[in-house]
Amino acid sequence: MGAKIEKTHFCHGGQLYYCSHDSRETGTQMRFSLFLPPQASGGTPYVIFLSGLTCTEDNFTTKAGAYAKAAALGIAVLAPDTSPRGEDVADDDAYDLGQGAGFYLDALQEPWKKHFRMESYLVSELLPLAEQSFGLDPKRKSITGHSMGGHGALTLYFRHPGLFQSCSAFAPIVAPAQVPWGQKAFTAYLGDSRETWLAHDATELVSKAATEKEILIDQGLADPFLEEQLQPELFQTACNKVGQKLTLRLQDGYDHSYFFIQSFIGDHLKFHANNF
């Protein structure tokens with residue numbers, strides 16, 4: 001089940017790959033992009049970026065403007081799709097459930113549990129596959145993401161201690177058990193047990209798995225989802241209670257788009273490089 005390179009692009013002196021592979025975890029073909037910097041020669045440190053609702057592996061790849069900074073820092077960037085896809089994969093008419101909305105967890109409920117195994121897919125399958133196929137350093141990897149992907153970055157960071165050297169996020173869903181996006185997805189994928197929900201909620205997880213390393217979050221103050229869906233102050237309060245180092249930067253005028261991400265992606269890549 002190795003990676004198949006679908007296409008390549010020379011980019012900032014490095015190579016950008018679009019790949020696919022048959023996944024044992026999701027039972028589907030999965031896709032990802034990978035940027036290798038010009039310095040890559042085996043043992044390359046890397047950052048995984050988890051995208052948000054409705055996105056594929058292509059959104060970050062084409063819109064974030066990350067690769068000039070990644071090339072300068074000598075960092076690879078891995079960008080997976082957000083969910084399993086296919087005609088036989090469960091879906092929903094709404095944008096915030098089903099294909100394009102995997103929430104980076106393993107579903108427990110029908111009809112989702114057969115294919116929606118995004119946590120196991122990422123941790124147990126994609127990361128080892130990318131490391132073995134492209135010479136990435138398994139001991140020097142960090143995680144970031146946007147919105148739903150920010151939720152994924154934070155929860156996977158806490159749920160798998162020591163796997164990632166650092167964590168950051170753009171406008172993350174920090175308390176999914178308390179907001180409509182998360183409540184809808186958790187009910188569908190995980191069922192009605194609030195205890196099960198909290199095992200995938202960063203604001204709850206930090207109380208049990210705080211680290212000594214700083215977390216970086218950027219949040220736009222013109223984000224239309226800020227008050228109802230994101231509420232970063234909930235995570236900030238939880239971090240303060242347990243002494244988790246957090247830099248929460250509230251960016252005046254910025255919204256939820258990739259224009260926001262491309263404005264600060266360089267800061268995040270440098271943040272991760274400093275932790276390798």
Side-chain angles (χ1 to χ4, degrees), residues 1-11 14-37 40-64 66-67 70 75-91 98-107 111-146 148-149 151-153 155-157 159-160 163-164 189 272:
M1 295 187 180
K4 177 183 178 182
I5 297 174
E6 300 285 357
K7 57 182 178 179
T8 64
H9 300 281
F10 200 60
C11 182
Q15 290 283 346
L16 175 65
Y17 299 93
Y18 280 88
C19 301
S20 65
H21 71 106
D22 293 328
S23 168
R24 65 175 184 271
E25 291 291 347
T26 69
T28 67
Q29 184 183 84
M30 296 296 293
R31 299 179 62 87
F32 63 91
S33 76
L34 176 70
F35 173 75
L36 283 181
S41 59
T44 306
Y46 72 104
V47 175
I48 179 171
F49 184 94
L50 303 182
S51 292
L53 292 166
T54 76
C55 290
T56 70
E57 79 288 348
D58 198 44
N59 295 77
F60 173 84
T61 307
T62 57
K63 294 181 179 181
Y67 301 136
I75 293 174
V77 184
L78 175 66
D81 199 353
T82 54
S83 77
R85 299 178 191 270
E87 291 184 3
D88 63 338
V89 176
D91 201 7
Q99 296 184 38
F103 270 81
Y104 304 104
L105 51 76
D106 291 353
W112 312 103
K113 67 179 184 179
K114 179 180 179 181
H115 298 295
F116 281 72
R117 296 181 48 78
M118 288 300 294
E119 179 174 6
S120 291
Y121 166 67
L122 290 170
V123 172
S124 301
E125 187 171 9
L126 177 60
L127 299 187
L129 173 67
E131 290 164 4
Q132 295 163 12
S133 299
F134 295 96
L136 305 181
D137 190 342
K139 296 183 179 179
R140 292 191 295 165
K141 56 175 170 278
S142 293
I143 192 164
T144 186
H146 171 233
M148 178 186 70
H151 144 78
T155 56
L156 295 181
Y157 179 66
R159 284 173 60 81
H160 300 274
L163 182 62
F164 302 103
Y189 297 144
H272 293 299

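- Y104 pairs by the ring pair (Phe, Tyr, Trp, His ring centres under 6.0 Å) definition with nothing, not counting sequence neighbours.
- The backbone N or O of G43 sits less than 3.5 Å from a side-chain atom of R140, completing a donor-acceptor pair.
- No side-chain donor-acceptor contact under 3.5 Å links D81 to the backbone of R31.
- The closest side-chain heavy-atom distance from L34 to C19 is not below 4.5 Å.
- Every ring pair (Phe, Tyr, Trp, His ring centres under 6.0 Å) that H151 has, sequence neighbours left out, goes to F103.
- Using a 30° and 60° split on the angle between ring planes, Y121 and H21 fall in the parallel class, below 30°.
- Rounded to the nearest 0.5 angstrom, L129 CG and S124 OG are separated by 12.5 Å.
- Judged by distance alone, with hydrogens and angles left aside, the side-chain atoms of H115 form a donor-acceptor pair with the main-chain N or O of T26 at under 3.5 Å.
- To the nearest 0.5 angstrom, K141 atom NZ is 13.0 Å from T44 atom OG1.
- To the nearest 0.5 angstrom, W112 atom CH2 is 5.5 Å from Y189 atom OH.
- Considering only heavy atoms from C-beta on, M118 comes within 4.5 Å of P84 through its side chain.
- Contact check for M148 versus T82: side-chain heavy atoms found under the 4.5 Å cut-off.
- Under the 3.5 Å distance criterion, the side-chain polar atoms of E125 are matched with a main-chain donor or acceptor of E25.
- Residues Y46 and L36 have side chains not in contact (no heavy-atom distance under 4.5 Å, counting atoms from C-beta outward).
- Between atom NZ of residue K7 and atom OG of residue S33 there is a gap of 10.0 Å, rounded to the nearest 0.5 Å.
- Note: Y67 and F35 have parallel aromatic rings, judged against thresholds of 30 and 60 degrees for the angle between ring planes.
- Here CG of L136 is found 12.0 Å from CD1 of I75. Values are rounded to the nearest 0.5 Å.
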Passes side-chain contact (heavy atoms from CB on, under 4.5 Å), V123 versus R159? Steps please.
CA-CA 11 Å; V123 172; R159 284 173 60 81; over 6 Å; no

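- Taking the side chain as every heavy atom from C-beta outward, L156 and E119 approach each other to under 4.5 Å.
- Side-chain atoms of Q99 come within 3.5 Å of backbone N or O of G86 as a donor-acceptor pair.
- L50 is listed as a side-chain neighbour of L122, based on a closest heavy-atom distance under 4.5 Å.
- Under the 30°/60° scheme for interplanar angles, the aromatic rings of F134 and F32 are found to stand perpendicular.
- Between H146 and N59 the shortest side-chain heavy-atom distance does not fall below 4.5 Å.
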